[in-house]
Amino acid sequence: MTFWKKKRRKEIMAEIKIFDTTLRDGEQTPGVNLNVMEKLEIARHLERLGVDRIEAGFPASSEGDFQAVKAIADTVKETSVIALARTSKQDIDIAWEALKGAEEPAIHVFLATSPIHMQYKLNMTPEEVMDTSVNMVKYARQRFSIVEWSAEDATRSDWDFLVEIIEKVIDAGATVINLPDTVGYTMPEEYGNMFKYIRDRVPNIDKVTLSCHCHDDLGMAVANSLAAIQNGVTQVEGTINGIGERAGNAALEEIAVALKIRSDFYPYHTNLKLDELKRTSDLIAKLTGVTVQPNKAVIGRHAYAHESGIHQDGVLKNTLTYEIITPELVGVKSNSLVLGKHSGRHAFKEKVKELGFNLIDEKLNEAFKQFKQLTDRKKEISDDDIFAILMEITTNSHPVKKYEMEMFQVQYGSGTTNIPTATVSIKRPDEQIVQTACTGNGSVEALYKAIADLIIEDTKLLDYQINSIGGGKDALAVSNIQLNVNGEAFNGRGTASDVLEASANAYINAVNRYLIKQSTKQESPATI
């Protein structure tokens, strides 16, 4: 291809807008309960990544979600902030109160259009669904210049009914039409044909942006999204790492990189800064407790590892033999030494900025202190180590009184006569310090039994994982657990130089997440 042909192709490449719903649909992942500070930190990184729209939450669902959406809307200025609302005046009013401080506030209203949803969930006729959608879109346009209307369960809806209702909601003022594959049911050819059918038959379709939103129940979310793009969709909705309820959502990083790598096939581009993908993925994985599978496309830690001798030989001779994506494209860097024991505050501050964090002096001092403490125990400090410190500093400042570990001690030895024993002292939210000792089949079991005995809430361990940050014998340990607390599942995380300390921190973190949620748990901020 000549230079001029290449230049012309770049000029005609259509732009695909990226609608990130990690903070709304992604948070519906079982066990994921993000607090306001965590959501705000994720939003900042999504803004840095370059997403076009952040769906910050569902403000009418709880006071906690309202406060999180408001904080994001008041803080994020380079990206449009949108909130979910049912087709009700109260939901729309609450969304406006949360979003009115945003640079470009937008609202996403939805109503199901499939026969099974209309009959069994909504108990509404098609006419009632149409009238409600039209009236609420009109109401939303009184305040919002951007109104997205979604036909929930569109892929199991009657296409002719979709044509009729879409035409009417566009006339009512909708600016974006989203046709989601809500239950991950459709196939790429079907999904693409649905959008083609709508574009051919809705007379005013050129007045709106067409959007797709795919779930991954049959493993087709990314393929379906690409099929939608090929059939006129110019906005793609999904989550980082593909997280979400059930099997999750379309993974935005996979869609964006596919469009980049196969630009010869897809004449489209996004505004994402692809070299920020890995950092954003890591942050979301750590804050949600949903770890990325090693062989995950684009951002899995094995995505660029070559074990086969033939593969290794080929890569050494020419990386293109087996690597279609360079690690640098998505921001994967070697874990080389970046700062050490003799590094000063100025160098640390520059590294904090480089990693995408904005800290006030008080938080920077706290982070630098933890960094110095780590250098006393760990010879080589990597970006991942500093990232872990910064994540804890920026997201663990909720004012709710929590459980705190005062001290623990574990006695363990080999042989049948040695019984693992843990002694634990904890400060409860009421400031009372309690202590106990328990035995178990292993050191972690003994430790967890002792903590559970001191926790007032009823807890049950559902899942336990331990990993390392970086490599080497002095690597930081990170523990991710899922804990049932008074009947609700919560993810907890803990980081420390010692695996047992990381494990204890994760258990207490999960319980504290429950306390934070309880402190903001209300039916709805209906008085707003």
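Keep in mind that the numbers below use all heavy atoms, side chains included, and drop hydrogens, waters and symmetry copies. Because the structure is a prediction, the values reported are computed rather than measured.
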**OP:** Using the test side chain to side chain contact (heavy atoms under 4.5 Å, CB included), find all partners of Q409 that sit at least two apart in sequence or belong to another chain.
**Re:**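 Side chain to side chain contact (heavy atoms under 4.5 Å, CB included) check on Q409 returns nothing, list empty.
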
Subject >> side chain to side chain contact (heavy atoms under 4.5 Å, CB included) involving E276 - partner list, sequence neighbours excluded >> reply: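 Testing E276 for side chain to side chain contact (heavy atoms under 4.5 Å, CB included), a comparison that skips the adjacent residues, returns R48, L49, K273, R279, T280.
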
We want to know whether [X] and [Y] form a side-chain donor-acceptor pair, criterion being a heavy-atom distance below 3.5 angstrom.
| X | Y | result |
| --- | --- | --- |
| Q482 | N491 | yes |
| Y412 | N418 | no |
| D181 | T186 | no |

Could you check whether atom [atom1] of [X] has more than 12 heavy atoms from other residues, nucleotides or ligands sitting under 6.0 Å from it?
| X | atom1 | value |
| --- | --- | --- |
| N365 | CG | yes |
| K460 | NZ | no |
| K77 | NZ | yes |
| I433 | CD1 | yes |

Original post:
Does the pair N484 and T459 meet the rule for a side chain to side chain contact (heavy atoms under 4.5 Å, CB included), with working shown?
Top reply: CA-CA 5 Å; N484 187 302; T459 61; over 6 Å; no

Original post:
Taking only residues two or more places apart in sequence, or in another chain, which ones meet D282 in a side-chain hydrogen bond (donor to acceptor under 3.5 Å, both in side chains)?
Top reply: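 D282 satisfies side-chain hydrogen bond (donor to acceptor under 3.5 Å, both in side chains) with K278 once adjacent residues are dropped.
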
Subject >> Results of side-chain hydrogen bond (donor to acceptor under 3.5 Å, both in side chains) for S503 - residues two or more places apart only >> reply: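 Result, side-chain hydrogen bond (donor to acceptor under 3.5 Å, both in side chains) vs S503: Y464.
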
**OP:** Name all residues meeting the ring pair (Phe, Tyr, Trp, His ring centres under 6.0 Å) criterion together with F357; count only those two or more places apart in sequence or in a different chain, and write none if there are none.
**Re:**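 Residues passing ring pair (Phe, Tyr, Trp, His ring centres under 6.0 Å) with F357: H45, F387.
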
Original post:
Looking at V298, L252, T270, which hits side-chain contact (heavy atoms from CB on, under 4.5 Å) with V257?
Top reply: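 So, applying the side-chain contact (heavy atoms from CB on, under 4.5 Å) to V257 and each of V298, L252, T270, only V298 qualifies.
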
Subject >> Pair R24-E237, side chain to side chain contact (heavy atoms under 4.5 Å, CB included): steps then yes or no >> reply: CA-CA 11 Å; R24 200 277 299 169; E237 304 182 13; 5.9 Å; no

Original post:
When you look at N178 and H108, which way does the side chain to side chain contact (heavy atoms under 4.5 Å, CB included) test go after all the steps?
Top reply: CA-CA 9 Å; N178 177 40; H108 177 194; 4.1 Å; yes

Keeping [X] on the side-chain end and [Y] on the backbone end, is there a donor-acceptor pair under 3.5 Å?
| X | Y | value |
| --- | --- | --- |
| Y448 | L461 | no |
| E55 | F19 | no |
| T288 | V290 | yes |
| E27 | L34 | yes |

Inspect the contact between [Y] and [X] and indicate whether a charged nitrogen and a carboxylate oxygen are less than 4.0 angstrom apart.
| X | Y | result |
| --- | --- | --- |
| D430 | K401 | no |
| K121 | E152 | yes |
| K17 | E148 | no |
| K70 | D74 | yes |

**OP:** Mind jotting down which residue pairs meet the salt bridge (charged side-chain N to carboxylate O under 4.0 Å, His left out) criterion with at least one end in residues 406-429? Sequence neighbours excluded, please.
**Re:**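 Every pair satisfying salt bridge (charged side-chain N to carboxylate O under 4.0 Å, His left out) with a residue in residues 406-429: K427-E431.
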
Original post:
Between I481 and Q465, is a side chain to side chain contact (heavy atoms under 4.5 Å, CB included) present by the stated rule, with each step listed?
Top reply: CA-CA 6 Å; I481 72 165; Q465 297 176 31; over 6 Å; no

